[in-house]
Amino acid sequence: MLFSKMFIPTMKEDPKEAEVISHKLMLRAGFIRRLSSGIYTWLPLGLRSLRKVEQIIREEMNRKGAQEILMPLVQPKELWVESGRWEKYGRELLRIIDRNDRDLCLAPTHEEVVTDLVRREVRSYKELPLTLYQIQTKFRDEIRPRFGIMRGREFTMKDAYSFDMDESGAEHSYLDMYDAYMNIFARCGFKFRAVEADTGQIGGSFSHEFMVLADTGEDVVISCSNCGYAANLERAEIGFIGKEGMQKKGQYKRVETPGKKKVDEVAAFLGVTPATLVKTLIYNTDQGVIGVLVRGDREANETKIRSLIGFDWLELSDVETIEKATNGPLGFSGPIGLDIPLYADNDVCNMEDFVVGGNERDIHVKDVNVADFSVKGFFDLKIAEEGDPCPRCQNVLMAKRGIEVGHVFKLGLKYSKAMNATFLDKNGKEQFMVMGCYGIGVSRTVAAAIEQSHDENGMILPFALVPFEVDILPVNIAHEESMVLAKEIYNNLLDKGIDVVLDDRDERPGVKFKDCDLIGIPIRITIGERNLKDGNVEIKIRQEKESLKIKKEEVIERVLNYVEDFKRM
RNA sequence: CGGGGCGUGGCGCAGCAUGGUAGCGCGCUUGCUUUGGGAGCAAGAAGCCGCUGGUUCAAAUCCAGUCGCCCCGACCA
């Protein structure tokens, strides 16, 4: 391509609308333009990157035997009523009405349509397993679109759905997709982790999120450097070694703590550290009011409480409930003498002579020990932090920020039951299909790549995703010899199948250098009058500081070598 | 939806407390000079000051409403 003929509107200054780096750079480098909140047009450069991601995905999905289809964006209400999601999905589902007053919606996902398709067409176990996928536009009327492409309302997603005749088949399909995802993100050149994710109501261990590691990520990934354990923060377990028999009892003393409610206030007032306190959190749950005990310097993890103890829902209690349950005001709750079920975090089991609330205004109790009250048991109930022990190997856990670009999930019978997707097994017996769904945020993947890799001059996209691999930059297009050579190299590289752009614009060299860096073209060939006198051109790699002067005859070979190196990384 | 902020040539902003001529930088057009890291000189084009209503002799500026966008929280690829 000739740069002068391409639509690449770059910007020197940061646009006001952008906050995060990927958003700024995508606007500045001419990858995207905003049409409306959370809705973007992809310009030629951005689209080239997007297509590269799509292509990698297609290849890896096809390799696993998944088959590409394309389902409608506009869908009838009836299917969504059938799955129960017309009601449940909430405002995020954009509903529209056609000229005949029929209710429709813009698809945020395609479980309904794909399940409907398969239940109509697949009757026999002989046609299973089946995995279908598509790369398509989704619309989710997000509460708050932000960060440009990262959380748009309209976005490109690859979604795949597997249908199996039984659990073990479904697990096999799941592992295939997991494997495909590992390949896809590795090929994209990411530093990433597959982490165990919360499975919500469905339960089980069959949900993984694929997180691109980046300091600006919205999610936190907890991982072990030793054994490979990795989990989303909301699910991350913590290793624990309990001490033996703490038998102290009855030595506690009530102390006045006037007006001190918060852990820090109480600790400071009593001259101890927050870690010597145990806080008592009162929750409303579907099984009544409960108390959760957590060491003063740590936070309770509601997701873990929910799943470990088996509540359908829980939320922190309001003031009235606390007063009724503890006979004391907010801020002074404690386990001693409470007759609601108490669940303690593991930490508490190892603590000695700690401080708790007195269930009475301005009173706390110190020198308390575990034997002074009774709990349902000790569990892993707190939010993991860097430095905590790994649940698998007791090594130290690390916390990193990540961007979720993919999610694999075993659905089980959820949709096949709701929508009656059945087949006849070998014995002629009707069975529900066992399903799985697997998503990749394709457009987000491009943004994540930039977020993970950039510098003060612009993008440094992974080689597999770059819009162009080589930029040929003649310093002065009026210099005939430069241009002749530039075109020769250009045509030569094109013939070799390299994505090459020739910056033939009549601009000052500085402008062309800056644009090349901003877009992050990995290999730059600079052709200048001075070097050319000695038969030399210059070659520079985007992420390296120094450039290399080489004989013009060697350019093609050098470029091809670099490309090979990049592809191997 | 709750909280905060912003709408002025294509982009980034000033002007607004105290109403009266719409301004700066970048970009754009033309010419000349320049040609290794966002050039210099000269001449130009381009704005319904988000929109609607009000106050006033007079509104970018004051008042009311409205629309849009961005940021912080609850949701998610």
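Remember, it's a predicted structure, so these values are computed and weren't measured experimentally. Each chain gets a letter, A, B and so on, in the order its sequence line appears, and its residues count up from 1.
- Looking at which nucleotide of RNA chain B each of A:Ile440 and A:Arg28 is closest to, the 5′-most match is held by A:Arg28.
- Under the side-chain contact (heavy atoms from CB on, under 4.5 Å) rule, A:Ile521 has a single partner from A:Val501, A:Asp515, A:Leu461, A:Val500, which is A:Val501.
- Checked for salt-bridge contact, A:Glu554 and A:Lys551 miss the test: no charged N lies under 4.0 Å from a carboxylate O.
- Using the Watson-Crick or G-U wobble rule with both distances under 3.5 Å, B:C69 pairs with B:G5.
- Across all strands shown, B:U18 has no partner, as no Watson-Crick or G-U wobble contact with both distances under 3.5 Å is found.
- The separation of B:U35 from B:G44, taken at their P atoms, amounts to 28 Å, rounded to a whole angstrom.
- Contact annotation for A:Lys514: base contact, defined as any heavy-atom pair under 4.0 Å involving a base atom.
- Among the atoms of the strands shown, only primed sugar atoms or phosphate atoms (P, OP1, OP2) are found under 4.0 Å from some heavy atom of A:Gly510.
- In this model, the phosphate group of B:A77 is not approached by any side-chain N or O of A:Thr109 to a distance below 4.0 Å at OP1 or OP2.
- Screening A:Arg140, A:Arg144, A:Glu218 for a side-chain contact (heavy atoms from CB on, under 4.5 Å) involving A:Arg151 leaves a single residue, A:Glu218.
- Separation of the P atoms belonging to B:G47 and B:G23 is 13 Å when rounded to the nearest angstrom.
- Pairing of B:A39, defined by two Watson-Crick or G-U wobble distances under 3.5 Å, is identified with B:U33.
- No hydrogens or angles were tested; on distance alone, nothing pairs the side chain of A:Arg34 with the base of B:C70 as donor and acceptor under 3.5 Å.
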Assess whether side chain to side chain donor-acceptor pair (under 3.5 Å) is satisfied between A:Tyr174 and A:His208, documenting all intermediate values. CA-CA 10 Å; A:Tyr174 181 94; A:His208 285 86; 2.7 Å; yes
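- Base pairing annotation: B:A74 forms no Watson-Crick or G-U wobble pair, as no partner gives both donor-acceptor distances under 3.5 Å.
- Heavy atoms of A:Asn531 sit under 4.0 angstrom from at least one base atom.
- Counting any heavy atom pair closer than 4.0 Å across all strands shown, A:Glu13 reaches a base atom.
- Listed nucleotides: B:G36, B:G38, B:G73. Nearest to the side chain of A:Lys12: B:G38.
- Here, B:U55 and B:C13 have their P atoms 35 Å apart, quoted to the whole Å.
- A salt bridge between A:Arg187 and A:Glu59 is present, with a side-chain N of the basic residue lying under 4.0 Å from a carboxylate O of the acidic one.
- For A:Glu92, counting side-chain heavy atoms from C-beta on, the closest listed nucleotide (B:C75, B:C70, B:G36) is B:C75.
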Is there a side chain to side chain donor-acceptor pair (under 3.5 Å) between A:Gln134 and A:Asp159 once you walk through the steps? CA-CA 6 Å; A:Gln134 65 173 348; A:Asp159 46 328; 3.2 Å; yes
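- Between A:Asp179 and A:Lys64 a salt bridge is recorded (basic side-chain N to carboxylate O distance below 4.0 Å).
- Using a 4.0 Å cut-off between charged side-chain N and carboxylate O, A:Arg153 and A:Asp141 make a salt bridge.
- At a threshold of 4.0 angstrom between heavy atoms, the contacts of A:Glu142 include nucleobase atoms, whether or not backbone atoms are also involved.
- Contacts of A:Arg153 with the nucleic acid, taken as non-hydrogen atoms under 4.0 Å apart, are absent.
- Going from atom CZ of A:Arg85 over to atom P of B:C75 covers 17 Å, rounded to whole Å.
- Among the nucleotides B:C11, B:C71, B:G36, the one closest to any side-chain atom of A:Arg144 is B:C71.
- B:G68 sits 23 Å from B:C63 when the P atoms are compared, rounded to a whole Å.
- One P atom belongs to B:C32, the other to B:A17, and the distance between them is 47 Å to the nearest Å.
- For A:Val511, the listed nucleotide lying nearest its side chain is B:G38; candidates were B:G38, B:A77, B:C11.
- Judged by centroid separation below 5.5 Å and plane tilt below 30°, A:Phe155 stacks onto the base of B:A77.
- Straight-line distance between the P atoms of B:A45 and B:C24: roughly 14 Å, to the nearest whole Å.
- As judged by a 4.0 angstrom heavy-atom cut-off over every strand, A:Gly148 is placed among residues making no nucleic acid contact.
- Base contact: A:Gly528 has a heavy atom under 4.0 Å from a base atom.
- Each of A:Asp506 and A:Gly441 was matched to the nucleotide of RNA chain B holding its nearest heavy atom; the match closer to the 5' end belongs to A:Asp506.
- Rounded to a whole Å, the CD atom of A:Glu111 is 10 Å from the P atom of B:A77.
- When the P atom is used for both B:U21 and B:U61, the distance is 12 Å, rounded to whole Å.
- As a whole-Å value, the separation of A:Asp159 CG from B:C76 P is 17 Å.
- Spacing of P atoms, B:G9 relative to B:G15, comes out at 15 Å, to the nearest Å.
- Here the nucleotide nearest the side chain of A:Leu518, chosen from B:A77, B:G38, B:G36, is B:G38.
- Among the atoms of the strands shown, base atoms are found under 4.0 Å from some heavy atom of A:Thr526.
- Among the atoms of the strands shown, none is found under 4.0 Å from any heavy atom of A:Arg91.
- Among the atoms of the strands shown, only primed sugar atoms or phosphate atoms (P, OP1, OP2) are found under 4.0 Å from some heavy atom of A:Phe147.
- Of all nucleotides listed (B:G12, B:A39, B:G36), B:G12 comes nearest to the side chain of A:Lys16.
- Contact annotation: side chain of A:Asp517 to base of B:G37, donor-acceptor pair present below 3.5 Å.
- Formation of a donor-acceptor pair under 3.5 Å by the A:Tyr490 side chain with backbone atoms of A:Met1 is found in this model.
- In this structure, the CD atom of A:Glu546 is 15 Å from the P atom of B:G37, given to the nearest Å.
- Across all strands shown, B:U55 forms no Watson-Crick or G-U wobble pair with both key distances under 3.5 Å.
- Considering only side-chain N and O atoms, A:Arg146 lies nowhere under 4.0 angstrom from the phosphate OP1 or OP2 of B:C71.
- In this structure, A:Ser36 does not reach the B:G68 phosphate: none of its side-chain N or O atoms is under 4.0 Å from OP1 or OP2.
- In this entry the base of B:A17 is syn relative to its sugar, with a glycosidic angle within 90° of 0.
- B:C28 is paired with B:G44 under the Watson-Crick or G-U wobble criterion, all donor-acceptor distances under 3.5 Å.
- A:Arg524 comes within 4.0 angstrom of a base, heavy atoms only.
- In terms of polar N and O atoms assigned as donor or acceptor, the side chain of A:Arg140 never comes within less than 3.5 Å of the base of B:C76 in a complementary pairing.
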